[in-house]
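Data first, discussion second: the structure below is written as structure tokens.
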Amino acid sequence: TAAAGSTGSSNSNGGKLAAGETSAVALEPEFVGSWSVRYSNGLTTFLQVMNDGYASLMDKQGKGTAVLHPVVPGEAALAWMYHAEGHLGIGVHEWFRVEAGMLRILQTRSDHKLLRANGTRMDIGNCWLHGYDFKGCCRTVPGSMVRGNQRCWTGEFTYDACCLPEFLPRIRRARRLLRIEESRNASSNLLDLHINYANADSGHVVAYRQSWAGFEKAASVYRSSLDAMPNNLTFADVLFRGVGVDCEPSNVVIEGSASVSFIEELERCCPWAFNNTPCMLLFEM
């Protein structure tokens, strides 16, 4: 399963990713990947563990993104390698370890009940070979009740194994565009993911919530940048580029010298004014 660096952790409702690029913990490679998990009470679910220490359920059991913390030596649960809280709900703590290639989970709840679970790997290598790709196979039409493109799946290559593990890494990559002032691309990518892929019918509750929260954040940043743009417009931007005449402004006027008049700029930028509709409009103005 492809894994991406995190933009932060989530609260237990999966609604908000905190800022910051710092990884939670560098996990041992044996933990990283997608797991099909069955608890001793009969609950089955899909768990994704990413290489930066974040874990999330990939189905309707999901409540948020948990952070895995190494167990401190000397604790009673020393045999359990990592501790997580939050992805199944408030008051749930889990301890993870890998034994004989299987993920072993011990869960404790606020009501003091204990549950054990075993997880088997879902990772099947690269799904996107021979012309198959994420966009062509993982799009889910809202309300269709059919997840993904059914013509893509055969044998171990299924929607659950190929598409669900892709959502959170793609959401994180889109959110990181905000850090390089690419709010327009971030909002576009996140809205596309939310509507066409990680939507309410995808089955991935956490990705559904985080894609929308990410879009709202990116859209807000983009809106603020648009609001500020008029403050940076030049004379040429407003008069010439505003009507479609691509003309660079004159050199910066030296302080104390006469400024360039509009007529002089018109003659420079529109030498053929009467054969050019935008230039003619400027002349009439």
Side-chain angles (χ1 to χ4, degrees), residues 1-18 24 32-37 44-68 84 86-88 119 121-128 132-150 152-153 157-178 185-218:
T1 299
S6 172
T7 55
S9 63
S10 163
N11 56 19
S12 60
N13 64 14
K16 181 180 179 182
L17 284 174
V32 177
S34 304
W35 303 86
S36 177
V37 178
T44 58
T45 187
F46 302 120
L47 175 71
Q48 183 176 18
V49 181
M50 286 162 273
N51 61 358
D52 54 9
Y54 291 89
S56 175
L57 297 184
M58 297 185 290
D59 56 22
K60 293 185 178 180
Q61 305 296 333
K63 299 296 182 184
T65 305
V67 183
L68 273 63
H87 71 291
L88 280 171
R121 281 199 174 276
M122 293 171 56
D123 306 304
I124 57 175
N126 190 352
C127 293
W128 315 129
Y132 295 101
D133 59 24
F134 173 81
K135 289 190 173 182
C137 292
C138 297
R139 186 171 185 269
T140 293
V141 178
S144 67
M145 304 302 292
V146 177
R147 299 189 302 162
N149 183 350
Q150 299 305 297
C152 293
W153 315 128
F157 295 99
T158 65
Y159 176 88
D160 290 339
C162 293
C163 295
L164 292 183
E166 288 266 3
F167 292 158
L168 287 180
R170 286 175 179 267
I171 291 169
R172 291 179 174 198
R173 286 196 294 270
R175 290 184 67 115
R176 284 202 298 275
L177 291 174
L178 290 174
N185 288 336
S187 60
S188 176
N189 291 349
L190 287 162
L191 186 61
D192 179 48
L193 284 167
H194 183 76
I195 292 176
N196 295 312
Y197 302 96
N199 54 41
D201 296 314
S202 69
H204 198 319
V205 171
V206 176
Y208 171 66
R209 293 171 177 168
Q210 290 189 3
S211 59
W212 179 251
F215 165 71
E216 286 189 312
K217 172 65 175 178

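The residues of the chain are indexed from 1 along the displayed sequence. Scope of the values below: all heavy atoms of this structure, side chains included, with no hydrogens, waters or symmetry mates.
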Hey, are the side chains of Gln61 and Val37 touching, using non-hydrogen atoms and a 4.5 Å cut-off? no

Calculate, to the nearest 0.5 Å, the distance between atoms SG and CZ belonging to Cys152 and Arg139 respectively. 13.0 Å

Where is the tightest heavy-atom contact between Ser202 and Leu164, given as atom of each residue plus distance? O-CD2, 3.9 Å

Identify the residue among Gln210, Arg209, Gln48 that makes a side-chain hydrogen bond (donor to acceptor under 3.5 Å, both in side chains) with Thr65. Gln210

Looking only at heavy atoms, the pair that brings Ile124 and Ala161 closest together is CD1-CB, 4.0 Å

Exceeds 12 heavy-atom contacts within 6.0 angstrom, atom CZ of Phe157: yes

Check: Asp201 side chain, Gly143 main-chain N or O, donor-acceptor pair, under 3.5 Å: yes

In Å and rounded to the nearest 0.5 Å, what is the OG1 to NZ distance from Thr45 to Lys60? 12.5 Å

Just by distance, do the side chain of Asp123 and the backbone of Ser34 share a donor-acceptor pair under 3.5 Å? yes

Angle class for the Phe134/Phe167 ring planes (parallel below 30°, perpendicular above 60°, tilted otherwise)? perpendicular

Quick check: do Arg175 and Leu190 have side-chain heavy atoms less than 4.5 Å from each other? yes

Quick check against the 3.5 Å criterion: does His194 have a side-chain atom that pairs as donor or acceptor with the backbone of Asn199? no

I want to check something: taking the side chain as every heavy atom from C-beta on, are Arg147 and Asp160 in contact at a cut-off of under 4.5 Å? yes

Taking all non-hydrogen atoms of both residues, which atom of Ser187 and which atom of Phe215 are closest, and how far apart? O-CD1, 3.3 Å

For Asn149, is there any backbone N or O sitting under 3.5 Å from a side-chain donor or acceptor partner on Trp153? yes

Any side-chain heavy-atom pair from Tyr197 and Glu166 closer than 4.5 angstrom? no

Separation between CG (Asn189) and CD1 (Ile171), nearest 0.5 Å, reads 11.5 Å

State whether cysteine residues Cys127 and Cys162 meet the disulfide criterion of an SG-SG distance below 2.5 Å. yes

Mind listing the closest non-hydrogen atom pair of Leu178 and Lys217 along with its distance? CD1-CG, 3.8 Å

Just so I know, are the side chains of Thr140 and Tyr159 near enough to count as touching, which here means a heavy-atom distance under 4.5 Å? yes

If you look at every heavy atom in Leu47 and Ala55, which pair is closest and at what distance? CD1-CB, 4.3 Å

Step by step, would you call Leu57 with Phe46 a side-chain contact (heavy atoms from CB on, under 4.5 Å)? CA-CA 6 Å; Leu57 297 184; Phe46 302 120; over 6 Å; no

Roughly how far, to the nearest 0.5 Å, is the CE atom of Met122 from the CH2 atom of Trp35? 11.5 Å

Do Ser56 and His204 touch side chain to side chain, with heavy atoms closer than 4.5 Å? yes

